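Sequential numbering from 1 along the given sequence is applied to the chain's residues. Owing to the predicted nature of the structure, the values given are computational and were not obtained by experimental measurement.
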Amino acid sequence: MATRFLPATKAVPKELLPVVDRPVLQYIVEEAAAAGIGDVLLITGRGKTSMVEHFDRQPYLEQRLAEKGDTTRLEAVRRISDLAEIYTCRQGEPLGLGHAVSYAESHVGQDPFAVLLGDEFVAENDPLLPAMLDLQARAGGIVLAFIEVAPDETSRYGIGSVAAAAAELADPDHEVVRVTGLVEKPPPAEAPSNLAVVGRYVLPTGIFDAIRRTKPGSGGEIQLTDAMALMLAEGAPVHGIVYRGMRYDTGLPLGYLQAVVQLASQRADLGPEFRQWLAEFVAGAGAASAGKATG
């Protein structure tokens, strides 16, 4: 329901909030497409039909841009529709991530599949998903993405306990670990590590049966972490990649604003002028604050 972004998200899905000139969801679909995933199923809910419409063709808009000779924007608009085959399935009510993932069962069939949460993405020049897909192809089972968090942040995430992975699963570009346990949102004193599961998963189809056998957990919701922990307890191999690249988390207003500033600063067309303005603004705000403190 994206309550942290109200009233902006009263009518606009959080996934479509723009980060400079692309919505969050487009960054995520581009990330999947860059990893070779050309089939994308959007699990949507009430009030989110515009998520699907964003990837539709817009003949009238394309015609107007063509008539104006605006080839740059025309190519950008057309490219969205060519990223992947987009399908959709509606979750009747928000009963947890595990519940949402269960809606993909008939679409996925017997193939392993990736889950990408709709409010975070990683830097284009430091991808994570290709390494996860490769690891799952070699090790089977479940592959998770971890980041290191401060101890007081463990209650916001699923946290893993880990051990060294087999030597043959080593990755020259990433730290690979074997997962020995998972717990959902533990208080700092009970967290088995500081490795937090973030919004990228590669899962086997056995996860669907595990979800069916998973009772509501944290928050009264059907947690994907609990279903994965059940598979782990029953002998499924679970591995993780510790990601230390740039991750943009737009799930909270502060993270969203940071993503906008960081990506705008990196743009060749906007960056130089924006960085100059930002430096002047910050210097001016600091001077104003100092003046208030001493005046």
Side-chain angles (χ1 to χ4, degrees), residues 1-2 5-91 100 103-104 106-108 113-125 127 129-130 199 248 250-251 253 255-278:
M1 297 177 70
F5 286 88
L6 286 171
T9 50
K10 180 175 181 289
V12 178
K14 179 179 69 172
E15 296 85 352
L16 293 185
L17 294 178
V19 178
V20 189
D21 55 3
R22 283 184 279 171
V24 175
L25 183 61
Q26 185 176 330
Y27 283 93
I28 294 167
V29 174
E30 288 172 342
E31 182 182 337
I37 296 175
D39 181 303
V40 174
L41 175 69
L42 303 178
I43 308 297
T44 67
R46 185 176 294 107
K48 297 201 174 192
T49 55
S50 54
M51 287 170 52
V52 185
E53 293 169 358
H54 177 72
F55 297 95
D56 284 344
R57 297 297 296 266
Q58 291 269 7
Y60 177 72
L61 173 61
E62 292 175 19
Q63 180 183 343
R64 292 297 302 270
L65 292 172
E67 290 171 352
K68 291 170 58 179
D70 192 343
T71 57
T72 300
R73 289 187 175 86
L74 177 60
E75 290 173 1
V77 168
R78 284 179 172 168
R79 177 176 169 272
I80 296 170
S81 303
D82 296 332
L83 284 173
E85 295 293 331
I86 304 293
Y87 303 89
T88 182
C89 182
R90 181 163 170 160
Q91 183 187 19
Y103 277 77
S106 60
H107 186 86
V108 166
F113 63 103
V115 174
L116 296 86
L117 300 194
D119 56 9
E120 59 184 270
F121 56 96
V122 302
E124 293 179 4
N125 63 354
L129 199 52
Y248 302 100
T250 63
Y256 171 76
L257 292 172
Q258 289 170 335
V260 172
V261 171
Q262 288 172 312
L263 288 168
S265 297
Q266 296 167 14
R267 287 270 294 261
D269 56 338
L270 298 173
E273 187 174 352
F274 179 66
R275 289 193 300 271
Q276 180 179 347
W277 172 85
L278 188 61

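- Nearest heavy-atom pair across D119 and K14 is OD2-NZ, 3.4 Å.
- Counted by atom type alone, Q262 and Q266 present zero donor-acceptor pairs between their side chains at under 3.5 Å.
- A donor-acceptor contact shorter than 3.5 Å links the side chain of Y256 to the backbone of P18.
- Counting heavy atoms from C-beta on, the side chains of E30 and R22 come closer than 4.5 Å.
- Ring pair Y27/F121 is parallel by interplanar angle, where below 30° counts as parallel and above 60° as perpendicular.
- The heavy-atom pair separating Y103 from R90 by the smallest distance is CE2-O, 3.4 Å.
- Scanning all heavy atoms of the two residues, the minimum distance from A32 to L129 falls at CA-CD2, 4.0 Å.
- Counting heavy atoms from C-beta on, the side chains of P13 and F5 never come closer than 4.5 Å.
- Atom CZ of R267 has more than 12 heavy atoms from other residues, nucleotides or ligands within 6.0 Å.
- When every heavy atom of I37 is checked against every heavy atom of A114, the shortest pair comes out as CD1-CB, 3.9 Å.
- The shortest distance between side-chain heavy atoms of V40 and L83 does not fall below 4.5 Å.
- The minimum heavy-atom distance between S81 and F55, with the atom names listed, is OG-O, 3.3 Å.
- Shown here is R64, whose CZ atom has no more than 12 heavy atoms of other residues, nucleotides or ligands within 6.0 Å.
- Counting heavy atoms from C-beta outward, V29 and Q26 have side chains that stay 4.5 Å or more apart.
- In this structure, the side chains of E120 and E31 stay at 4.5 Å or more apart for every pair of heavy atoms.
- Side-chain contact between L17 and T250 is absent, with no heavy-atom pair separated by less than 4.5 Å.
- Atom CD of residue E75 and atom CG of residue D70 lie 9.5 Å apart, to the nearest 0.5 angstrom.
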